[in-house]
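See structure below.
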Protein chains: 2
Amino acid sequence: MAPRTRKPERRTEALSRERIIEAAVELLDTAGEGGLTFRALTERLSTGAGAIYWHVANKDELLDAATDAVVTDALALKPARVPGSPQDRIRAVALGLFDAIDAHPWLAAQLATQLSRGPSKSVTPRILESIGQQVRALGVPESRWFTATTVLMHYILGAAGQNAVNGRAHGPGVNRGEFFNAVSAAWKQLDPDDYPFTRAIVDQMRDHDDRAEFLAGIALILAGITAGRSRTP
Amino acid sequence: MAPRTRKPERRTEALSRERIIEAAVELLDTAGEGGLTFRALTERLSTGAGAIYWHVANKDELLDAATDAVVTDALALKPARVPGSPQDRIRAVALGLFDAIDAHPWLAAQLATQLSRGPSKSVTPRILESIGQQVRALGVPESRWFTATTVLMHYILGAAGQNAVNGRAHGPGVNRGEFFNAVSAAWKQLDPDDYPFTRAIVDQMRDHDDRAEFLAGIALILAGITAGRSRTP
DNA sequence: ACCTGAACACCGTTCAAGT
DNA sequence: ACCTGAACACCGTTCAAGT
């Protein structure tokens, strides 16, 4: 399984848009947001800068394409075919995005910015569709489709993003547990008069299970969708 | 009211951390995310780069400080003193953040990234506290405080952020209405087999009122919080 | 058609030197 | 203590030149 050659092997397959996007995702995953540079990319692909610009307009388009590729992959499990109730399928879509953002933390900021950019190229319709089809299956009246779906979407992306950032190393050798301990300690120093609530939930925050907490949030929103079902005819 | 001198007036007040943050916010507001550079800052403050570094550690700290200043300002209306029910006060906090993000669109991405960074310096406790105190006043059992508050927070920041991006010019001379028309047109071109839901809500999306839609989302979550109130003892 | 790689303009940050 | 501004390393992007 060890590579035969020790020097960075010469490119075998021709350069292509797909190959560039693949390398971009790898760089983002291993080196983070700031790790994606054209210089790092040219080295990894053993090519020149101009070659990349032949396949890709600029860095923004490359970031969009990387986001698109990863999100498409995350939603590829065809949630419509997952067995169970619409609620089950909403949880499946939510966890799919949760895991994707957990595996690719750079996705969080990217999705936040990109959510409503250029109409067609955006990943928004794909996410909206995956969630919305299940909202519809829930029996929500059409007049409330938009609200119910966007509430779910914003919560999913926000919570997953926060979780992903929490889970990453904050400095060398800082793991998840240490990070939460540090936050807890800092929050316990807050002025009790100004921050009674924050101090009260410190333990809840430190000890929570990310996934269970995420699903509790989904459940709360589903309850709100159901509660309002008969309100607007 | 016209300035007496035509040349950029020499600095009168001494440079200070506050003055630098103020100028940073102005640059972000007028020139956007990419408009904040140390060169633009030195010109506006008629000083040298080193002078800024004397008061501020680096660009990240400056961005954090700018975010902090604007959020503090947005929450300064002391929502606890706004008359009305806890629901009314939650709406007041939500609209305060909504308006702040609308006035400072760069806040959206900044908050998304910063939500859970360095424990103490973060704006998270301030936002959590403003919302959480009202959640508590709602009579939610303590075991559900964390979930209810984070769901509200993620929705508020996500929806407000999306709204802010939508509202900005996307290219020269593109206003809000034109932007939504363009998105609608693009979404109507989507494959009816793959995107039945998205196509169905196109009109709802184009014609919606931002503020009313935002408050409808808040109402949905409040319904979920209330619905679940008696579930967990 | 596809690729090379030097060159350009610009950026965040540093630091010896001034007051 | 506070400020100056040249210098450094690095970045995205361009483009004449190659194949």
Side-chain angles (χ1 to χ4, degrees), chain A residues 7-67 106 109-110 113-114 117-118 121 171, chain B residues 7-67 106 109-110 113-114 117-118 121 171:
Chain A
K7 304 200 70 175
E9 49 194 288
R10 268 241 144 318
R11 200 168 67 235
T12 59
E13 29 175 355
L15 202 56
S16 68
R17 191 178 155 88
E18 286 66 38
R19 182 74 197 91
I20 292 170
I21 294 169
E22 186 187 322
V25 170
E26 287 168 15
L27 275 172
L28 286 164
D29 287 348
T30 55
E33 198 90 55
L36 177 61
T37 68
F38 276 82
R39 276 161 182 80
L41 218 42
T42 55
E43 196 182 348
R44 198 180 193 89
L45 296 167
S46 44
T47 184
I52 295 173
Y53 278 93
W54 178 260
H55 296 277
V56 154
N58 52 43
K59 191 177 180 178
D60 275 348
E61 197 200 277
L62 180 56
L63 268 168
D64 283 1
T67 303
W106 50 273
Q110 197 57 26
T113 334
Q114 202 193 46
R117 268 223 303 267
K121 310 285 286 187
Chain B
K7 303 200 72 176
E9 48 193 290
R10 268 243 145 314
R11 201 169 64 237
T12 58
E13 26 175 358
L15 201 56
S16 69
R17 191 179 155 87
E18 286 65 39
R19 182 75 197 89
I20 292 171
I21 294 169
E22 185 187 324
V25 170
E26 287 168 16
L27 275 172
L28 287 164
D29 288 348
T30 54
E33 198 90 54
L36 178 61
T37 68
F38 276 82
R39 276 160 181 82
L41 217 43
T42 55
E43 196 182 347
R44 197 180 193 91
L45 296 168
S46 43
T47 183
I52 295 172
Y53 278 94
W54 178 260
H55 296 277
V56 154
N58 52 42
K59 191 177 182 180
D60 275 347
E61 197 200 274
L62 181 55
L63 268 168
D64 283 1
T67 303
W106 49 272
Q110 197 56 27
T113 334
Q114 202 193 47
R117 268 221 305 265
K121 309 285 284 187

Item to check | Under the side chain to side chain contact (heavy atoms under 4.5 Å, CB included) test, residues paired with A23(A) that sit two or more places apart | outcome: R19(A), L41(A), R44(A), L45(A)
Item to check | Approximate separation, where rounding is to 0.5 Å, of L27(A) CG and L62(A) CG | outcome: 9.5 Å
Checklist entry - Along nucleotides 8-19 of chain D, 5' to 3', which nucleotides get a B, which get an S, and which get a -, given that the test is a protein heavy-atom distance under 4.0 Å? => result ---BBBBB----
Name each donor-acceptor pair under 3.5 Å that joins a side chain in residues 50-58 of chain A to protein atoms two or more places apart or in another chain, with its distance.
residue : atom : partner : partner atom : Å
N58(A)  : OD1  : D60(A)  : N            : 3.2
N58(A)  : OD1  : E61(A)  : N            : 2.9

Item to check | Rounded distance in Å between the C1' positions of dC8(D) and dC11(C) | outcome: 12 Å
Checklist outcome for this item: dist E26(A):CD -> L36(A):CG (nearest 0.5 Å) comes out at 11.5 Å
Next on the checklist: I need the L63(B) CG to T113(B) OG1 distance, nearest 0.5 Å.
Outcome noted: 9.0 Å
Next on the checklist: Can you list everything that forms a side chain to side chain donor-acceptor pair (under 3.5 Å) with E18(B)? Sequence neighbours excluded, please.
Outcome noted: none
Checklist entry - How long is the gap from CG on L28(B) to CD1 on I21(B), to the nearest 0.5 Å? => result 11.5 Å
Next on the checklist: Looking at dA1(D), I'd like to know if its phosphate oxygens (OP1 or OP2) sit under 4.0 Å from a side-chain N or O belonging to H55(B).
Outcome noted: no
Checklist entry - Residues in side chain to side chain contact (heavy atoms under 4.5 Å, CB included) with A49(B), at least two apart? => result T42(B)
Checklist entry - Given the rule that a pair is Watson-Crick or G-U wobble with both distances under 3.5 Å, how would you write DNA chain C in dot-bracket, using | for pairs to a different strand? => result ||.|||||...|||||.||
Item to check | Below 4.0 Å: OP1/OP2 of dC3(D) and any side-chain N or O of W54(B) | outcome: no
